[in-house]
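Following: one structure in structure tokens, then a few remarks.
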Number of protein chains: 2
Amino acid sequence: MVKKLLIMEKALELFAKQGFEATSVQQITDYCGISKGAFYLSFKSKEELILELIDHFMKQFISDIDYSVKNTNKDDLLSAFFYATYQSFQEHSNFAKILIQEQAHSLSEEFLLRMRDYDHKLDKAILTMIERVYGPKIETIKYDLIYSIKGFVNNYSGLILFNNLPVDVDLLVRSLVEKTNILAQHMTIPFVSPEISTLLLRSKDEKVSKEQLIELLEQKLNELDESIEKESLSLLKQQLLEPSFSPAIVKGLLENIRNHPHCKWISYLLRDFFEI
Amino acid sequence: MVKKLLIMEKALELFAKQGFEATSVQQITDYCGISKGAFYLSFKSKEELILELIDHFMKQFISDIDYSVKNTNKDDLLSAFFYATYQSFQEHSNFAKILIQEQAHSLSEEFLLRMRDYDHKLDKAILTMIERVYGPKIETIKYDLIYSIKGFVNNYSGLILFNNLPVDVDLLVRSLVEKTNILAQHMTIPFVSPEISTLLLRSKDEKVSKEQLIELLEQKLNELDESIEKESLSLLKQQLLEPSFSPAIVKGLLENIRNHPHCKWISYLLRDFFEI
DNA sequence: TTGACAAATGACCAGTTAGTCATTATTATA
DNA sequence: TATAATAATGACTAACTGGTCATTTGTCAA
């Protein structure tokens, strides 16, 4: 099994330098000083190597973060989080580079799903953290806060990693903690509403449940006056409970409510649900 | 010439979906309904197509931003900037996707240099903007502010583009303006120092000049007490004025000062200069 | 209808890719 | 030492890549 680790190590180096696609199996085996056949004794495909690398490092990273978020006292929590993050990034800088720059497309569906899942876990860890640190007072802006924190981490990491800056980690952490605190204390206009967050915090393939949709529909129906939009919503609710209309009709009903400011979101969720 | 536009349009679509590398010329010509030969009548290579696409959209984008930054009164400046940005992104969402997710490596040096140049222009536009909006009081934190603004733009764009969210642009702009204002008013601990910014704001290939380095060296020499580090610095200054040591010696001298807190930066710049 | 010119084609080239497998080398066991 | 089992090799395949170019098609004016 030591061969497997050698391959993972050397491959990571090349991937960080050139990206997944631009690195060939031949290059990896040359760099390891082994034959191409030997590679396929350890991994059944290049794809499998990539997935194993992702799993290996993400499991470590997420559990590090999660631990520090759950086992540090409230006052040092933010510092601990940023420290743990940049500690991990420095220790595994090759992986960090891949994490930050390797884009969505190119690779397999499996890869995307897995990354999304890890991202989701990270979101939950950050959410736990800010709820512990700031309590209920950031309720309305917590999703924007998650996003801002992830933004800071990403951008400053990219800055450091791709310019090979010598880093004063202490300063970086203090600076990011301050930015986070400032935003938490003064932000009043959230952009990421709970509605949007439900979409972001669920996995890509698991849809909003029919029951959730119906609940949301009823809520919206109460808000609206008699109108084409309200009737459309009502018919869509009927369709949810007992499908009877053709796709064309459903599409038309969705079109009716699409531009109503109160219905944009529900229209989006319904489109997602009816796969239109 | 209409053929050329067709190719650019269709190619952009495929690039946004799959990335540059994963999209073949064959795929593009199939999607356009033309022959492979016809492609090479309009572009002399795939690379040329990519560069033309980048130029086409970046010139538009940068000039839009620059105009709005220079021709809006101070009070609406931030709003105008974020509006212009998201207007552009919505209008050219395929290009925006490429801009946000297409990573550094993979492509040619020419591509990297050009992107860096546009990025640099954007930095300058944002700098102009925040200096106009906030005046001298943000002097010490202005580079962190640039970075935070770019972080917000990038992250919220990614959020919107890759989840196909229906966007309330007004809300988004108000939310980002607020975040920016909050940071500008309360941030006190900058991470991006003027030293770092000199590195970021210059193009990749233009180095810090020898004269600037010597000036910086003399400054550091005055700060230090007699020590191995000071002697190393002195010898390095000598090497700058008149090269005489072998690369191994220079490397050793740099190693001597690498971990001294006062010398991290100068050591980095010298490594860059001596190409070690 | 003809001839001249430009536009468009797609078979073809040389190179690279991920992945296979008959063959050979190495090691452990008896 | 002889045998069996395992590890490792690298020439090979089939598919695909960016790019070329002899050939065909389309469009004019004469």
Side-chain angles (χ1 to χ4, degrees), chain A residues 1-56 98 102-112 114, chain B residues 1-56 98 102-115:
Chain A
M1 274 306 108
V2 71
K3 178 74 58 66
K4 203 164 174 172
L5 287 178
L6 170 75
I7 295 174
M8 286 175 76
E9 219 166 281
K10 297 291 188 184
L12 188 70
E13 232 177 284
L14 294 173
F15 286 151
K17 223 181 291 170
Q18 314 167 332
F20 292 133
E21 293 207 281
T23 304
S24 70
V25 174
Q26 188 70 64
Q27 237 179 313
I28 295 169
T29 56
D30 286 353
Y31 195 41
C32 291
I34 62 171
S35 70
K36 211 170 172 187
F39 175 91
Y40 286 94
L41 292 176
S42 293
F43 300 94
K44 72 176 212 291
S45 67
K46 183 182 170 184
E47 162 104 17
E48 197 190 72
L49 164 63
I50 293 171
L51 290 177
E52 280 208 32
L53 274 175
I54 297 290
D55 276 346
H56 178 78
I98 290 174
E102 200 64 30
Q103 77 282 36
H105 44 60
S106 65
L107 281 149
S108 69
E109 202 60 28
E110 176 62 22
F111 175 82
L112 287 178
R114 223 170 273 207
Chain B
M1 276 306 109
V2 70
K3 178 76 55 69
K4 202 163 175 172
L5 288 178
L6 170 75
I7 294 173
M8 287 175 76
E9 222 166 279
K10 297 292 188 184
L12 189 69
E13 233 177 285
L14 293 174
F15 286 151
K17 225 180 289 173
Q18 314 168 331
F20 291 134
E21 294 208 281
T23 304
S24 70
V25 174
Q26 189 68 64
Q27 241 179 310
I28 295 169
T29 55
D30 285 354
Y31 196 40
C32 291
I34 62 172
S35 70
K36 212 170 170 185
F39 176 92
Y40 287 94
L41 291 177
S42 293
F43 300 94
K44 74 175 209 294
S45 68
K46 183 182 168 183
E47 163 105 16
E48 197 189 72
L49 164 63
I50 293 171
L51 290 177
E52 280 207 32
L53 273 175
I54 297 291
D55 277 346
H56 178 79
I98 290 173
E102 201 63 31
Q103 77 284 35
H105 45 60
S106 67
L107 280 148
S108 70
E109 203 60 26
E110 174 64 21
F111 174 82
L112 286 179
L113 287 175
R114 221 170 273 206
M115 287 306 279

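Because the structure is a prediction, the values reported are computed rather than measured. Each chain gets a letter, A, B and so on, in the order its sequence line appears, and its residues count up from 1.
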Distance in angstrom units between [X] [atom1] and [N] [atom2], rounded:
| X | N | atom1 | atom2 | result |
| --- | --- | --- | --- | --- |
| B/Asp30 | C/dT9 | CG | P | 11 Å |
| B/Ile28 | D/dG19 | CD1 | P | 10 Å |
| B/Tyr40 | D/dT17 | OH | P | 11 Å |
| B/Ile50 | D/dG19 | CD1 | P | 10 Å |
| A/Glu21 | D/dG18 | CD | P | 12 Å |
| B/Phe20 | D/dG18 | CZ | C1' | 16 Å |
| B/Phe39 | C/dA7 | CZ | C1' | 17 Å |
| B/Gln27 | D/dC16 | CD | C1' | 11 Å |

Check whether any side-chain heavy atom of A/Cys32 sits under 4.5 Å from a side-chain heavy atom of A/Ile28, and report yes or no. yes
Are any of the side-chain heavy atoms of A/Phe15 and A/Lys10 separated by less than 4.5 Å? no
For B/Phe111, which of B/Arg114, B/Met115, B/Glu109 qualifies under side chain to side chain contact (heavy atoms under 4.5 Å, CB included)? B/Met115
Which of these nucleotides, D/dA8, C/dA8, D/dG19, is closest to any side-chain atom of B/Ser35? C/dA8
Which nucleotide in the set D/dA7, C/dA8, C/dG19 lies at the smallest distance from any side-chain heavy atom of A/Ser45? C/dG19
Phosphate oxygens OP1/OP2 of [N]: is one of them under 4.0 Å from a side-chain N or O of [X]?
| X | N | value |
| --- | --- | --- |
| B/Lys36 | D/dT17 | no |
| A/Lys3 | D/dA8 | yes |
| B/Ser24 | D/dT17 | yes |

Tell me what A/Ile34 touches on the nucleic acid: a base, only sugar-phosphate, or nothing, going by heavy atoms under 4.0 Å. sugar-phosphate
With a non-hydrogen cut-off below 4.0 angstrom, is B/Thr29 in contact with a base, only sugar-phosphate, or nothing? nothing
Trace of the side chain to side chain contact (heavy atoms under 4.5 Å, CB included) decision for B/Leu49 with B/Leu53: CA-CA 6 Å; B/Leu49 164 63; B/Leu53 273 175; 4.2 Å; yes
When every non-hydrogen atom of B/Ala22 is compared with those of B/Gln27, the smallest separation belongs to O-OE1, 3.5 Å
